[in-house]
Amino acid sequence: MEFSFSSKYPFTSEAKQKVEGSSLELNDEMMERAVQRVVTALKGKAEAPLEHGDERGTPYHIHPSDELLELGSYAAARMMLAHLRNRFLINKFAVAEAKRASSFMGKDSEENLRKLGDELGINPQEFEGKLALPVYQYASFSPRSIDYRLIFRNVKNGFVEVTRHEVIRLMEEAVKGKMESYKPLQNPPQIIRDYSQKLMVLVPKETVLKMSFKEGDNPPCIEKLLEGAKAHQNLNHQARLVLAIYLLARNVPVEKVQAIFSNLPDYEDRKTKYQLDHIIKRGYSMPSCATMLSYGLCVADCRIGSPIRWKGKVEPWKKGKGSSS
Amino acid sequence: MEERERQFVLKEFSGYYRHAKVEVPSVEQREFGIGGFDRKIEARHMAFESDAALQNYLIHDTPVYISHSVAYYKFPKATPMENKGWMGGDLIFDLDVHGGLFLSKEEQEKVRHDAIRLVEDFLLLDFGVKKEHIRTVFSGNRGYHIHVKDPAYRMLEGDARREISDYISGKGLDYTKFFSDPNEDKWKRYGPKESDWGYRGRFCRTAAKVLEEDPASIHRRLKKPEEAALLREGMRTGLWSKTSISDIVERMNVVAKGMPVQCIDVDTGVTIDTKRLIRVPNTLHGSTGLIAKELKSLDNFEPYRDAMAFGNEPAKIEALQEIPAQEFLSSTMEKMQNGEKRDAPLPYAMYLILKGAAKLS
């Protein structure tokens, strides 16, 4: 028996309807599994669905009652996160679940991908014989990386040319976005409160981001990246590289840079250390403002040539206007 | 500005609004902000239930500036902003040119041509926006506001709007990114094709034109027809390494420099701000007395001729600075010395008073 659409994509309305239409109730088994799901996300992995028989065997065989447990545990995990309102956990969970969904999308049927696309608001279609996405959908979900910048893409008549792989990448972003938004949970059931407490015991103490910088010490582009790190947002490759080069160039100790990166939802200790060492060893220099612009990371018109030349003042021409002239 | 001038301006503005037709699509869902002589926005979080209510306000409580939100709100009057219930917003482009007391003819033409290219090359061709969803408006001062009301673009957030704005202004455009990485296979450099969409196609078509008109500006070897033919073939197929010029990608810099794509000066800040207030079309600009006029066509529009709000009856003014001679109302307004008094047509007198260059005499 193959994975059902709902098991692969538990955030869809179909999955929600299945849970609501069943007599499923929150119980300890489901809550244990929900906790496990979040804890696995914290380790930078996505939780594989429950399997029959051995622990990690493939292919998966899911009994219908397990499917409901699977969906229920997802819903319970979301309820705990909505109750805890912990940005770090929420973003970690969002990244893990988005990656999990994406791993299924690559192998999934066109029909299922279309169904999922409808749910996420991503509708690839053929335009002039090419696979394409409407510009507004592309701009809404494209990852903030140079490869996806609209300016380097083929755009015509409201469409952007894309590959199937890119569509899946955009869908992953859309899932992540969906996972990051929560409605506040009023009066959660006692079992959710209890297990949320249990969950927090298992969560490593959050690294508090302390910078020796004062506000205005860094140019707006770097401030934005630091804010992103503080808010546990997932920065793209170029953004991380730039931030690391900048901080190291400002003589921030490696351990401290690493601590800043540990705020990112997909942080991996060893990988980050290796990459920071690599930057130091290779002596990477700070990208110029023009390069920052082409990375899509420039957010102001400071006119300083390179972020490293920031002298700590915002020029009057950059201050916002209430209304345009 | 003295009280006398202020009263004069407000009386004339009110007179204009008695006859003007001011319409805001979905007026009841917009937030409004008004400005006085000192600031363009002095109060906001205002709302009008109909165009008639707005017009009534303009006639009786005449503001110096009035702007409406690009956004549609459930509760436009609510504060703070989070309580308004954002329901999306028009996509707005603000094109400006900086100049002195008056815009020179060249400045006027540059910004007008940019606005035409923005609409025709980018909004219609690349973004597929339908003509009926585009509202083109003279800003009333130094440029144009382009309102895109296409529902498809309405729900875009700031970051997505920035991508579109950067695309149009060519920000961060590095043509070498159109080519494959030489480290992958230096013998086979793949690049844009003429049939490509967007900037890639634009780049390639410009390159083809340069190759035809001035091949030596790329490389002197291209003067040979057989070498030029190889490059021409590359542009058609996308395989640029067929030519014997090994640094052909770098050589294309001359094409990139000549590509007229990076001159559209869009104010990104306006486009990405989904809660922005933008001048209400067909109202008056408080710094010029010109109409922020909605235009059926940008062809032949001249702000100092076609955006007049008042009749040409004379007003007595005194120059507060030297005022250069200027084309206004299809005739030449003569130079004025500081302190010089003269009868001037009302629109011109209003313009100078609001710019602080003259007072009533």
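Note on naming: letters A, B, ... go to the chains in the order of the sequence lines (proteins, then strands), and numbering restarts at 1 for each one.
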Open item on the list: Under the criterion side-chain contact (heavy atoms from CB on, under 4.5 Å), I'd like the reasoning laid out for B:Tyr199 against A:Arg153: C-alpha separation, chi angles, the key distance, then a yes or no.
Closed with: CA-CA 8 Å; B:Tyr199 276 110; A:Arg153 310 296 306 213; over 6 Å; no
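The distance from the OG1 atom of B:Thr176 to the CZ atom of A:Phe152 is 7.5 Å, given to the nearest 0.5 Å. Separation of atoms CG (A:Leu150) and CZ (B:Arg162) is listed at 13.5 Å; rounding is to 0.5 Å. To the nearest 0.5 Å, atoms CG (A:Asn154) and OG (B:Ser195) are separated by 9.0 Å.
Heavy atoms closer than 4.5 Å to chain A are found in the backbone of B:Leu125, but not in its side chain. Of the atoms belonging to A:Gln137, not a single heavy atom falls under 4.5 Å from chain B.
Looking only at side-chain heavy atoms (C-beta outward), A:Glu128 and B:Trp197 come within less than 4.5 Å of each other. Side-chain contact between A:Phe159 and B:Phe127: absent, with no pair of heavy atoms (C-beta onward) separated by less than 4.5 Å. A:Ile146 places a side-chain heavy atom less than 4.5 Å from the side chain of B:Lys177.
B:Lys275 NZ: 12 or fewer foreign heavy atoms inside a 6.0 Å radius. For A:Lys16, the NZ atom is loosely surrounded, since the number of other residues' heavy atoms within 6.0 Å does not exceed 12.
Of the listed residues (B:Asp159, B:Ile272, B:Leu91, B:Leu124), the one with the most heavy-atom contacts under 4.5 Å to chain A is B:Asp159. Heavy-atom pairs under 4.5 Å with chain B peak, among A:Val135, A:Leu293, A:Asn157, A:Thr291, at A:Asn157.
Residues passing the side chain to side chain contact (heavy atoms under 4.5 Å, CB included) test with B:Glu42, sequence neighbours excluded: B:Asp38, B:Arg39.
Minimum interatomic distance between B:Ala160 and A:Ala139 (heavy atoms only, all atoms of both residues): CB-O, 3.3 Å.
Within residues 146-157 of chain B, the residues having any heavy atom closer than 4.5 Å to a heavy atom of chain A are B:Ala152, B:Tyr153, B:Leu156, listed by residue number.
A salt bridge links A:Arg149 to B:Asp166: at least one charged side-chain nitrogen sits closer than 4.0 Å to a carboxylate oxygen.
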